[in-house]
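Below is one structure, written out as structure tokens; the observations come after it.
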Amino acid sequence: MTIDIIVGTQWGDEGKGKITDLLAKEKDLVVRYQGGNNAGHTVVVGEDVFKLHLIPSGILFPETICVIGNGVVVDPEVLLSEIEALQARGIKVTPANLKISSSAHIILPEHKERDKQQEESRAEGQKIGTTGRGIGPAYVDKINRSGLRMEAFLRPEANSKRLGSLTALASRIAPYFIDSIEYINEAVRQKKNILLEGAQGTMLDVDHGTYPFVTSSNPTAGGACTGSGIGPTKIDKVLGVVKAYTTRVGEGPFPTELNDATGELLRQQGKEFGTTTGRPRRCGWFDAVVVRHAVMVNSITDLVITKLDVLDDLDSIKLCTAYELNGKKITHLPGDLELLKGCKPIYEDVPGWKAPTTNIKKYKDLPAKAKSYLKKLEKAVGVKITIISTGARRSETIKVK
Ligand code: IMP
């Protein structure tokens, strides 16, 4: 039995969907533990591309049970349309393999309205660049103890005033409900293999990210425990998914951002456009200060590198190992955003390998310079790399022995 957590180590979009799908085959349970349909997890199987926003990325394996945990905020309309879209493509999605926590909070139409209004009313420089999906206001109501949980659909008449037009969805959505805390912990008692799937990333965490330019939940490993109901002593591994470079959507500081032709090249090569909003992602070099911070706050045990192939054509690559702040070198991420804004990256130059990596199956067959980049990255972060992804497909993956 193993209970593993998948977390993003940067600002989201690290490729957690592909990695969850890759590992899901051997899992009994895949549990999404926070966020909502602000996430966009892309899974590519052969020529088929699946973009999942709410349903866990284990859904393509009919034997794997997917759970939307208590920590998630659920837009019922999006959920039903995602279920139907998958079913229309021949994917099994039934109450037997998709289960929704009746304790998860509902994103109500009023939350989406508030999200948009708040974003519009924020002054320039203070805009967050939210996805507009109602995520923040739904979590505000949860913490304020004025939210509505999915269980409201079990008593639609009593809750029709707040549910509004959503009331009509009750009979379609209720069959998926479970008491997720009991269900998940029964699986723990039965020593099942469980994967806890995070959305967004450490730097978007409301406690550990670049506040206030963050999302309203805890994508970090602690959030996996509260958002699923499994206590920390049961966790075996925390897999940190890290892109071979860095991206960010929305506003907020980003020390290694490239506003030049190289940034544009990363955007084009890496197809760095938001899965949920289509916005172009900001791109930059790998930042080991950020990933070390993620290693620390998540207790990451393994690194999973994604999108290595995006760097294949570069003559040389930069790797940020520390920052310069007021003339001094610092190796940790400052907690104060004003200080972070003043940080300048200190780079190590690494020669590019100028060769395709996508179809390489074994670590030893990677170009020597690619291995050298990975070694430097591993050393700068201080955690071993166990999986390397060199393309969107399942087969485009190297397991490091
Ligand atoms: P919200 O989660 O919609 O409130 O947006 C807050 C911030 O998190 C914005 O900068 C979004 O662009 C960012 N964000 C939210 N979800 C994701 C994601 O799945 N990937 C990357 N960025 C995200």
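Each residue takes its place number in the sequence, starting with 1. It should be emphasised that the depicted structure is a prediction, and the values quoted were computed from it without experimental measurement. Counting convention: from 1, in listed order, for ligands and their atoms alike.
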Rounded to the nearest 0.5 Å, how far does CD1 of Ile184 lie from NZ of Lys99? 11.5 Å

Any heavy-atom pair between the side chains of Val350 and Trp285 that's under 4.5 Å? no

Can you find a heavy atom in the side chain of Arg122 that is under 4.5 Å from one in the side chain of Glu251? no

Do Thr131 and Arg133 have a side chain donor and acceptor closer than 3.5 Å? no

Over 60° means perpendicular and under 30° means parallel, so classify the ring planes of Tyr373 and Trp353, tilted if in between. tilted

Near ligand 1, which protein residues have a heavy atom under 4.0 Å away? Trp11, Asp13, Asn38, Ala39, Ile128, Gly129, Thr130, Thr131, Gln200, Leu204, Val214, Thr215, Val249, Gly250, Arg279

Suppose we screen for ring pair (Phe, Tyr, Trp, His ring centres under 6.0 Å). Which residues come up paired with Phe153, at least two apart in sequence or across chains? none

